[in-house]
Amino acid sequence: MHAIVIREPGGPEVLVWTEVPDPEPRPGEVVVDVVASAVNRADLLQRAGFYDPPPGTPPYPGLECSGRISALGDGVSGWSVGDEVCALLGGGGYAEKVAVPVGQLLPVPTGLVEAAGLPEVACTVWSNLVGVARLGAGETVLIHGGGSGIGTFAIQFAKALGARVATTARRAKHEALRELGADVVIDYTEEDFVQALGGKADVILDIQGAEYLARNLDALATNGRLVVIGMQGGRRAELDMGMMMAKRATVAATALRARPPSEKAEIVSGVRRQVWPLVVDGAIRPVVDRTVPMPDAARAHEIVASNEHTGKVLLTVP
Ligand SMILES: NC(=O)c1ccc[n+]([C@@H]2O[C@H](COP(=O)([O-])OP(=O)(O)OC[C@H]3O[C@@H](n4cnc5c(N)ncnc54)[C@H](OP(=O)(O)O)[C@@H]3O)[C@@H](O)[C@H]2O)c1
């Protein structure tokens with residue numbers, strides 16, 4: 001098969017479409033013939049040499065894919081060769097084939113290509129907004145980076161839960177985010193989001209990390225929950241525990257990729273139960289910025305690095 005190999009840590013130019021050995025399914029795995037994958041921010045870090053794949057996963061980038069099952073490993077039941085699926089991966093989505101533990105497979109809730117961009121965002125957003133933050137109807141949630149793959153999904157999911165949604169993004173993305181259901185859209189380059197929020201947030205889903213920690217705590221309501229899932233603004237900052245105590249606040253941080261397959265399977269099954277029906281009935285739609293042929297993954301990485309995209313950049317197998 002062909003896959004995108006990272007020739008050496010570096011810029012987009014180190015991504016090369018080349019021939020590599022086909023994967024063999026281990027017990028409890030299937031092989032998926034990949035139709036499409038998607039670029040996640042983590043792929044850019046992996047390419048630069050800062051985010052190694054967890055042990056046992058392929059070295060090629062790609063945290064999600066869609067395609068058709070082409071082989072079954074020992075002990076697999078409930079899935080058949082030819083089934084159309086999408087999958088949460090520890091790596092290896094930028095390839096013509098990938099072996100996937102069955103617990104990480106999902107049925108395709110939309111078109112097959114656009115389904116490639118759903119598993120990573122759905123699993124991340126559901127496990128954090130529901131699992132960690134217990135976001136409830138009528139609460140206010142602040143979603144940082146509303147124009148990201150994560151943000152465009154989180155806005156729609158939070159609205160479906162009945163929350164009031166505020167989000168931060170550069171102005172060019174505001175109209176699209178209002179169309180997705182955001183009630184308050186804040187241009188973080190011009191306004192202080194704590195002021196612009198117009199009240200306090202019960203839940204904050206943060207991707208900036210250190211840069212926003214103090215202001216996120218400021219923006220939290222009493223009993224508020226801050227969940228940090230990204231460190232785009234750095235990893236170390238001071239935390240005012242006095243303010244945390246006064247607000248009885250929770251500050252949590254999570255990462256999906258390194259979780260063991262059993263935890264990923266639990267999350268995938270929760271997503272199938274609580275999120276997939278919303279996608280099937282159109283309450284949540286995949287937001288695809290554009291589709292790039294997989295051999296041109298370098299160009300797709302440049303687009304994502306520039307932040308000019310809104311939603312997901314997909315990669316299709318030629
Ligand atoms: N922990 C986990 O399990 C997990 C899983 C998946 C993703 N993530 C993290 O979630 C984040 C989003 O991932 P993605 O793949 O969806 O990313 P993405 O599509 O590449 O989007 C990144 C976004 O960051 C926004 N941004 C940049 N600076 C900002 C700032 N100061 N304030 C607010 N927004 C800002 C950009 O929007 P503008 O153009 O508006 O600036 C851009 O939309 C990344 O940090 C990623 O590592 C974590």
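Each ligand, and each atom within it, is numbered from 1 in the order the structure gives.
- Here the CG atom belonging to L217 is positioned 6.0 Å from the NZ atom belonging to K247, to the nearest 0.5 angstrom.
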Carefully, step by step, assess L197 and V194 under the rule side-chain contact (heavy atoms from CB on, under 4.5 Å).
CA-CA 6 Å; L197 187 58; V194 185; over 6 Å; no
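- Shown in contact with G230 at under 4.0 Å from a heavy atom are these atoms of ligand 1, numbered in order with element: 45 (O).
- Annotation: I150 places an N or O atom under 3.5 Å from an N or O atom of ligand 1; distance criterion only.
- The closest protein non-hydrogen atom to atom 37 (O) of ligand 1 is K173 NZ, 3.5 Å.
- Atoms of ligand 1 found under 4.0 Å from any heavy atom of N307 (numbered from 1 in listed order, with element): 22 (C), 27 (C), 36 (C), 39 (O), 42 (C).
- Protein heavy atom nearest atom 33 (C) of ligand 1, with residue, atom name and distance: T168 OG1, 3.5 Å.
- Atom CG of residue L180 and atom OG1 of residue T167 lie 9.5 Å apart, to the nearest 0.5 angstrom.
- Among protein heavy atoms, the minimum distance from atom 23 (C) of ligand 1 is reached at S148 CB, 3.7 Å.
- Taking CE of M241 as the reference point, atom CD of E238 lies at 9.5 Å (rounded to 0.5 Å).
- Taking every heavy atom of T254 and a limit of under 4.0 angstrom, the matching atoms of ligand 1 come to 1 (N), 2 (C).
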Verdict with supporting geometry, K97 and D33, salt bridge (Lys or Arg N to Asp or Glu O under 4.0 Å):
CA-CA 5 Å; K97 291 171 183 284; D33 283 4; 2.9 Å; yes
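- When only non-hydrogen protein atoms are considered, atom 32 (N) of ligand 1 lies nearest to Y212 OH, 2.7 Å.
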Checking E29 against R26 for the salt bridge (Lys or Arg N to Asp or Glu O under 4.0 Å) test, could you report, in this order, the C-alpha distance in whole Å, the side-chain angles of both residues, the deciding distance, and whether it holds?
CA-CA 5 Å; E29 290 184 344; R26 290 174 289 203; 3.0 Å; yes
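- For M1, the CE atom is densely surrounded, since the number of other residues' heavy atoms within 6.0 Å is greater than 12.
- Residue-level proximity to ligand 1 for K312 is absent, since no heavy atom of it falls below 4.0 angstrom.
- Inclusion of H144 in the set of residues having an N or O under 3.5 Å from an N or O of ligand 1 is not warranted.
- Distances from atom 48 (C) of ligand 1 to the heavy atoms of D289, I229, I303 put I229 nearest.
- Atoms of ligand 1 found under 4.0 Å from any heavy atom of G145, numbered from 1 in the order shown, are 33 (C), 34 (N).
- For ligand 1, the atoms closer than 4.0 angstrom to any heavy atom of L256 are 2 (C), 3 (O).
- If you look at H144 and F193, their ring centroids are closer than 6.0 Å.
- Near V304, meaning under 4.0 Å from one of its heavy atoms, ligand 1 places the atoms 20 (O).
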Would R7 and E13 count as a salt bridge (Lys or Arg N to Asp or Glu O under 4.0 Å) here? Give the steps.
CA-CA 9 Å; R7 224 176 345 104; E13 70 287 350; over 6 Å; no
Determine whether Y94 and V39 satisfy the following criterion, side-chain contact (heavy atoms from CB on, under 4.5 Å), listing intermediate values before the conclusion.
CA-CA 9 Å; Y94 292 19; V39 181; 3.7 Å; yes
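- The nearest non-hydrogen atom to atom 40 (O) of ligand 1, considering only R259, E64, R170, comes from R170.
- Counting heavy atoms closer than 4.0 Å to ligand 1, residue E120 contributes side-chain atoms (C-beta onward) but none from N, CA, C or O.
- Rounding to the nearest 0.5 angstrom, the gap separating the CD atom in E263 from the CG atom in L256 is 9.5 Å.
- Nearest protein neighbour of atom 11 (C) of ligand 1, counting heavy atoms only, is I207 CG2, 3.4 Å.
- Among all non-hydrogen protein atoms, the one lying nearest atom 18 (P) of ligand 1 is H309 NE2, 3.4 Å.
- With rounding to the nearest 0.5 Å, the separation of SG in C123 from CZ in R257 is 14.5 Å.
- The CD1 atom of I207 sits 7.0 Å away from atom OG1 of T168, with the distance rounded to the nearest 0.5 Å.
- The closest approach between any non-hydrogen atom of A42 and ligand 1 is not below 4.0 Å.
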Begin with the C-alpha distance, continue with both residues' side-chain angles, and end with the deciding distance and a verdict on salt bridge (Lys or Arg N to Asp or Glu O under 4.0 Å) for R178 and D183.
CA-CA 7 Å; R178 282 202 189 88; D183 300 291; over 6 Å; no
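- Atoms of ligand 1 found under 4.0 Å from any heavy atom of Y188, numbered from 1 in the order shown, are 26 (N), 27 (C), 28 (N), 29 (C), 30 (C), 31 (N), 32 (N), 33 (C), 34 (N), 35 (C), 38 (P), 40 (O), 41 (O).
- What sits closest to atom 44 (C) of ligand 1 on the protein, heavy atoms only, is Q232 OE1, 3.4 Å.
- The parts of R41 lying near ligand 1 are both backbone and side chain, judged by heavy-atom distances below 4.0 Å.
- For ligand 1, the polar-atom distance check finds no N/O of M231 at less than 3.5 Å from any of the ligand's N/O atoms.
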Take L88 and L105, measure what side-chain contact (heavy atoms from CB on, under 4.5 Å) needs, and give me the verdict at the end.
CA-CA 7 Å; L88 178 70; L105 293 174; over 6 Å; no
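- Here V121 has no heavy atoms under 4.0 Å from ligand 1, in either its backbone or its side chain.
- Those atoms of ligand 1 that come under 4.0 Å of a heavy atom in G149, given as number and element, are 16 (O), 19 (O).
- Contact annotation: for E308 versus ligand 1, there are no heavy atoms closer than 4.0 Å.
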